[in-house]
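Working notes, structure below.
Worth knowing before you read on, the calculation uses all heavy atoms, side chains too, and leaves out hydrogens, waters and symmetry mates. Numbers here simply count residues along the sequence, with the first being 1. For clarity, every value in this text was computed on a predicted model and none was experimentally measured.
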Amino acid sequence: MIAVAVFGAIMAMLLAAVVIAPLVEEGRRSRPGPGDEASIRLERALEALRRLQFEYETGKLDDEDYAAMRSEHAAAALAARDELASREPGEAAAPGASGASGAAVEVPSCEICGSVLDSSVQYCTHCGNPVPQPSAGSGITDD
C-alpha cells in the first residue's frame with residue numbers, strides 16, 4: 001500500500017513538472033533580453049513593410065504615400081539589421097544606440113510590381129519577374 005502511495009506521489013510530481021515547465025519557459029522567452037531590441041525593431045519594421053505592401057496592392061494607398069511610408073519603414077529595418085550585423089555574437093546593444101539616421105534609403109524592389117525584395121533573390125516573389133543582379137564592382141553601399 002505504501003508503494004502505491006509513493007508511486008502516486010512521484011507520478012503527480014512528474015505530471016506537475018510536465019504541465020508547468022512549458023508555462024515557465026514561455027514566460028522566459030517572452031521577455032526580451034538586453035540585445036534583443038534590434039531584433040524586435042527589425043521584426044516590427046519587416047511586418048510593417050508586409051502590411052504596407054498589402055495595403056498598396058489592395059488599393060488603399062496611392063503611389064506617393066506608399067513610397068514615403070515604404071522608405072521610412074525600410075530605413076528602420078535596415079538600421080536594425082545593420083545594428084545586428086555590427087555586433088559580435090552574444091554582444092548586447094549599447095543603451096540608447098540606434099542606427100537610424102533619418103535619411104531615405106534605397107530598398108531593392110521589383111521593377112514591375114514594386115514589391116520589396118530581399119537582396120539574395122533572383123526572381124520577384126510576387127510576380128516572378130527576374131531581378132537584375134548588381135555587378136561585383138557596383139554594389140549598393142549604405143554609408
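- For the atom pair CG (Asp63) and CZ (Arg70), the distance works out to 10.5 Å, reported to the nearest 0.5 Å.
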(message) Apply side chain to side chain donor-acceptor pair (under 3.5 Å) to residues Glu55 and Tyr66 and explain how you reach the verdict.
(response) CA-CA 9 Å; Glu55 297 291 323; Tyr66 172 70; over 6 Å; no
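- Heavy-atom minimum distance, His73 versus Leu49: CB-CD2, 3.7 Å.
- Remark: Arg50 engages Glu47 in a side chain to side chain donor-acceptor pair (under 3.5 Å) (not counting sequence neighbours).
- Panel note: side chain Thr58, backbone Phe54; a donor-acceptor pair is recorded below 3.5 Å.
- Residues Val6 and Leu15 are members of separate hydrophobic clusters, defined by side-chain heavy-atom contacts under 4.5 angstrom among Ile, Leu, Val, Met, Phe, Trp and Tyr.
- With sequence neighbours excluded, no residue satisfies side chain to side chain donor-acceptor pair (under 3.5 Å) with Asp62.
- Atom NZ of Lys60 sits about 12.0 Å away from atom CG of Leu52, to the nearest 0.5 Å.
- The CD1 atom of Ile20 sits 12.5 Å away from the CE atom of Met13 when rounded to the nearest 0.5 Å.
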(request) Could you go through the side chain to side chain contact (heavy atoms under 4.5 Å, CB included) check for Tyr56 and Met69 one step at a time? (result) CA-CA 11 Å; Tyr56 178 70; Met69 294 172 75; over 6 Å; no
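- A side-chain donor-acceptor contact under 3.5 Å links Ser86 to the backbone of Glu83.
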